[in-house]
Undergrad: 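Have a look at this one before I ask anything.
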Amino acid sequence: MISAAASDAASGEPAVTATADRPVRPPDAGPAGAHPVGPDGSAGSSTPTGGVGLPAVVRRRLAPLDNWLEPWSWLATAVVVTIAGVLRLVNLSHPPGLIFDELYYANEANELRQYGFEWDETNNTPAYVVHPPLGKWIISLGVRWFDFTEFGWRISAAVAGILMVLIITRTARRLFHSTVLGCVAGLLLALDGFHLVLSRTALLDIFLAFFVLAAFAALVVDRDWSRRRWLRAVDDGLDPTLPGRAGRPPFAVPWWRLIAALLLGCGLAVKWSALWFIPVFGLLVIWWEAGARRSAGVRRPWLDAALGEIGWLVLGGVLILGTYLASWSGWLATDGGYLRHYRADNGMSEAPFIGALLNLWHYHTQAYGFHSTLETEHRYQSWPWQWLLLGRPVAFHWTDQTACGAPSCAEEVLLLGTPLLWWSFLPALAALVWLGIARRDWRAGAILAGVAAGLLPWFYYATEGRTMFSFYTAPALPFLVLAVTYVLGAIVTPSGGTAVADPAGNDRRLVGAVIAGTYVLLVAVCFAYFYPIFVGEPLPYEDWSARMWLGGRWI
């Protein structure tokens, strides 16, 4: 069965619910008559379990998902990832030639492979580019292995898209403690046309989305690791009410958090818009650490979390910056890049290392000036409030010079989200806010934080009239899918985490499962209908036109 995305309303922690991995049991493991645990997790009147100091309900809050090696979950994950792989790899070389911004990024990837920096072949001069190089370095890996062909410059994006489906499946399973809900999240992402098109095109946005999602996944694992650490320490006799180190678990390196920092650095080295996720994810770490301390019984959990984790967050910032600079190693280690010797060329001193960094800083000020003043009108530009409504998708490829067995034909690759899925995002976000507040569920807050970091900054830039496109939504997409998955879980199971029968005898869980299953099936049908314009299959003109549901907005 599908698990509930329900929470223990008293604590904001997941209720123990029925999943594909374990049966239903009452959400409160304390004995009959035990007093409930308050929001601070400190109601010590509950009877401890196993002779240790933590009440059973608090122990449940600190206990992470430990059965991540469960074979059934990996088999189900493999099925979902295989579906994603087939959709993204079959006929990847179509359409032929460079489409949309592949004209820039595929060529720049090939130049990086040859020179270590971007080069303007037409004018035989260093090329001025406004995005960091990592995404193009990744594209160049495919070119290196499969030559400068359509398959070669697109395969890296396809692999990134497939890995995103794997990561969201496992992360959703960890979040919701449900293999079925994990697979639902993976399947929804696999069957999204927006994600499919980006996964089959040599643009940068799929790599940005990949690194942001991977960083979030690493932080979720870090959260579980931290709580397991606190639980073991208290079981070993730790008194968390003691001041200083005496009331803390033994020293340990939060490797997953540092991995998340490296991944955020990689995202920043693809596109600067990853910057907004850095403070948001940092706040998530503090929030989660304060929650763990509160559940363990620390007297001032927020202050203790801030003081205890600030050093690791600073180290994470250093790793982010170091990773970003490392992505520019080709430009730094050579002499021919754009503005590589700006200071020397303008009569200023240029020390061997500091001078290179100062030149790179000047390059960045030039690129920032371009981004902040970009107001050139474009046929496919759109505003942030249109994105989730699919108000103006981007045509990557179009031709009517194709054969389809009809007098008039059309062939298009349209960056369009699967309509039924995307038009579910706004209702799902509204429901997520309501459920998150009502249940005080950390998962709802974490998902909303990811959506906010991915979308809200663009509303600010819209006030300045900056030219924007719908593919800027890419890093927020996994969190939007998680929002839908959360709501589907809430539909299946009520907040108590048990099946509830109404007076007529109808099983709430069964009805919810039918609703959720029907929704996923309809998304799959909708995806299949639009699939030809996601991958550029030739269609009779009438069939192509029938898929333009919003008329001129989609043309």
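The model shown is predicted, which means the values in this text are computed figures rather than measured ones. Throughout, residue positions are numbered sequentially from 1 according to the sequence presented.
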Undergrad: May I ask you to decide if the ring planes of Phe194 and Trp422 are parallel, tilted or perpendicular, using 30° and 60° as cut-offs?
TA: tilted
Undergrad: Using 30° and 60° as the class boundaries, would you call the ring planes of Trp331 and Trp328 parallel, tilted or perpendicular?
TA: perpendicular
Undergrad: Could you give the distance from CZ (Phe176) to OG1 (Thr171), rounded to the nearest 0.5 Å?
TA: 10.0 Å
Undergrad: When you measure from the side chain of Ser226 to the backbone of Arg223, do you find a donor-acceptor pair of N or O atoms at a distance under 3.5 Å?
TA: no
Undergrad: Can you see which heavy atom on Trp288 is nearest to which on Leu219, and at what distance?
TA: CZ3-O, 3.4 Å
Undergrad: Just by distance, do the side chain of Arg229 and the backbone of Pro250 share a donor-acceptor pair under 3.5 Å?
TA: yes
Undergrad: Do the numbers put Arg293 on top of the ring of Trp302, so that NZ or CZ is under 6.0 Å from the six-membered ring centre and no more than 45° off the axis?
TA: no
Undergrad: I'd like to know if the side chain of Arg257 reaches the main chain of Asp222, judged simply by a donor and an acceptor atom lying under 3.5 Å from each other, with no hydrogens or angles considered.
TA: no
Undergrad: Between Leu477 and Phe425, is there a side-chain heavy-atom distance shorter than 4.5 Å?
TA: yes
Undergrad: Does Trp256 CH2 have over 12 foreign heavy atoms under 6.0 Å away?
TA: no
Undergrad: With a 6.0 Å cut-off on the ring centroids, do Trp287 and Trp442 count as close?
TA: no
Undergrad: Counting only N and O atoms by type, is there a donor-acceptor contact under 3.5 Å from the side chain of Thr418 to the main-chain atoms of Leu191?
TA: yes
Undergrad: Is there a side-chain contact between Trp230 and Pro240, using heavy atoms and a 4.5 Å cut-off?
TA: yes
